[in-house]
Structure formats: C-alpha cells, structure tokens
Number of protein chains: 2
Amino acid sequence: MHYPVVNKNGKIIASAVTNLDLHDISRAAKTYGVRAFYVVTPLADQKELVEKIVAHWLEGTGGTYNPKRKEALKLIVIKNTLAEVIDDIRENTGDAPKTIVTSANQNSRNISFKRFREMLQDGASYLLILGTGWGLSESFIAEADYVLDPVSGNTGYNHLSVRSAAAVMLDRLLGKKD
Amino acid sequence: MHYPVVNKNGKIIASAVTNLDLHDISRAAKTYGVRAFYVVTPLADQKELVEKIVAHWLEGTGGTYNPKRKEALKLIVIKNTLAEVIDDIRENTGDAPKTIVTSANQNSRNISFKRFREMLQDGASYLLILGTGWGLSESFIAEADYVLDPVSGNTGYNHLSVRSAAAVMLDRLLGKKD
C-alpha cells in the first residue's frame, strides 16, 4: 500500500513506488506460493511506472534475459484502492478475503504468527497488507479484520525494509519448518 | 561478497554493489543483533561508492534525517577479500571465525538451519557469507567450513533477492520462535 500511509511526521501521504519493492516482493511471493501481489497507489504517474517496469520483464527484453524474474513479476496487479483489490479477489475466488494488516508497532488486537499460520489452513482467502513509508495510517489499521504481530528480531531495533519484512513474514507463515 | 561470484553463464565475475543491499542487509543485521556487516569487493570504484553511501548516512544529512538508519549503516565494513574480513574479525575477537556459506543449490555438505541455530549458541564467532550475482563460485564454497541449506519456500521456485534471503536467514537463525 502506497496510500494511506504516514510519513516521518505522522502525516498521511501517498508514498512513491520503489522499483526493488516490486522485484523483491514478487520474488518472495512466488517462492512462497502467494497467489497475487497487489500494488496499490492512487497516483497516475506511479501506476504508469509500475506498468512500465512490469511490461519490461513480461513483454520486453527483461523476460528473455531472466525468465525466472518474469514468473515472479507476473503476480503483480496494480489497483487504486484496497476496495478495488477486494473486488478483484471476490471476482476471482467468489468471496471477499479476510484482511490482515502489519505494523511495526504493538497493537492490542495483535495476533501471533503462529495463530495466523494456523488460520491459513482454513481454506479462506487472506489478504496480507503491508504499508510503505512510515507505515499504514491508524484508521486504515483499525478497519482491517486482523492485525499481525510486528516482526521482531532479538534486539530493540525494529526497522526492517518493507522488502525484508515481507520476506520474513512469508517465511514465518508459509516456509518449511526445520 | 561481490567477488568471486558467478554471472548468468557461470563465469566468475566481480558484481556491482547495489545501494539497497547496503540498506536492507544492515537494517536486518541490526534487527537481529549481528556484530558487523562486511561488504567485500576488490573494485576501487565500488568501494568508493559504498564509502560515499555510508558517509552520507553516518556523517551527512542522512543521519540527521533518519538516525535509525545511521545505527544500521554503522555496521558496514568494506574489505577487498574474505581473507581481510577474517583478519579483521581475528583482530577484534582474538579468533578467526568459522565460515558458513549460503547457496541456492543443494550441496552434499549442507547443514540445516536448526543445526546452525544450535551452533550459534557455542560462543564462537561465525561469518555467514552471501553471494551476489548468480551466487558464490564453486571453489569458494568448497573452501568454507560449512554450507547452509538453501532457503526454500513451499514451491519449486527458489529465487529470492540477496536482501530477502539475508533477512529470512537471520530470522530463522536468530529470530524469536513463536
């Protein structure tokens, strides 16, 4: 989600799309069997940028150079809003997904990774939502069905990139347990 | 490691440094309590580039803008070769570290994440080595003390970025178990 997210000062903004977010998160999604990777931004120029990058890898020289990358970037679907994402999933699966948001902050509604991992076995569709910038807005978080525990390491420092956080979350939720 | 790694055709090359590798991997290292993040390249222009980026965040406007980023990028140490990295660790800890390489391919010497997680409790220093490009060269892998299992998801697709792979590995090795 590139909107509604907050900036450094807590103000609601639309953040810019980062090229490597598209690559890294689609590769992680493909690795862990995620069905679609929605990139949400209401900004026309940002949507165009995403389309251009994806087209380079799907139809342009990128796909010939690196076919594996093509398989991953195929998962990308661009939408204006969360409502459009939910409509798209409803059209494809017959049902609206349950939404689960992620935040680097503790929230009284948090559920653990273990609990969400179990929920994923129930056959329903789940939409895992990550914010860019300084994170999803509070009112957006309040409207989600679930809030996932923050990814915490073993220190007080808790500032992973959205790319790293997405990969760690998918591994905890869908990766093979050793 | 940016050398010796292989390119798409299996030829040994020195790969280019990627700005976001520095940011993402240092943030993950800081999150999981890693002591140092060595960036290894023998190329003078690439070393200069890394120095410039790190200086921007440590001494320049970057550090004022985002002090949390500064804490992470402080972990970066630039070296020409693995031998120099090992010398640096020996100087700092009194002992040479045990080396453990990662590869997306299966290797007969592989150890599991669980096993390495246990080894990390023994008080010794370990140097976890990740390759860029299409991965570390075979002879480089053969010289390491240990080879870690590939990060596999739950599909046959196995093409995470080095940034994502580093984050997932640190989480599996040092993250809180739920």
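Keep in mind that what you see is a predicted model, and the values were worked out from it rather than measured. Below, read A as the first sequence line, B as the second, and so on, with proteins coming before strands; counting in each chain starts at 1.
Chain A forms more heavy-atom pairs under 4.5 Å with one residue of B:G156, B:A167, B:G175 than with any other, namely B:A167.
One finds no salt bridge joining B:K98 and B:D145 here, because no Lys/Arg side-chain nitrogen approaches an Asp/Glu carboxylate oxygen to under 4.0 Å. Under the 4.0 Å criterion applied to side-chain N and carboxylate O atoms, B:D95 and B:R90 are not assigned as salt-bridge partners. Using a 4.0 Å cut-off between charged nitrogen and carboxylate oxygen, A:K74 and A:E71 do not count as a salt-bridge pair.
Remark: side-chain polar atoms of B:T18 are not paired, donor with acceptor, to backbone N or O of B:L20 under 3.5 angstrom. Under the 3.5 Å distance criterion, the side-chain polar atoms of A:Q46 are matched with a main-chain donor or acceptor of A:V17. Under a 3.5 Å cut-off, the side chain of A:S137 and the backbone N or O of A:V6 do not form any donor-acceptor pair.
Identified by a heavy-atom distance below 4.5 Å to chain A, contributing residues of residues 48-55 of chain B are lacking entirely. For residues 23-44 of chain B, the interface with chain A (any heavy-atom pair closer than 4.5 Å) comprises B:D24, B:R27, B:A28, B:K30, B:T31, B:Y32, B:G33, sorted by residue number.
Contact detail for B:N110 and B:P150: the closest heavy-atom pair is ND2-CD, 3.5 Å.
In this pair, A:Y126 and A:F116 present their aromatic rings perpendicular. The plane angle is above 60°, beyond the 30 to 60° band.
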Go through the steps for A:I13 and A:Y3 under the test side chain to side chain contact (heavy atoms under 4.5 Å, CB included), then give the verdict. CA-CA 6 Å; A:I13 54 152; A:Y3 179 88; over 6 Å; no

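For a residue to count as touching a neighbouring chain, one of its non-hydrogen atoms must lie under 4.5 Å from one of that chain's; by this rule A:N154 touches chain B with backbone and side chain alike. Proximity to chain A (any heavy atom under 4.5 Å) is shown, for B:A72, by both the backbone and the side chain.
Judged by the 6.0 Å and 45° rule, B:K176 forms no cation-pi pair with A:F113.
For A:E138, the CD atom counts as loosely surrounded, since its 6.0 Å shell holds 12 or fewer non-hydrogen atoms of other residues, nucleotides or ligands.
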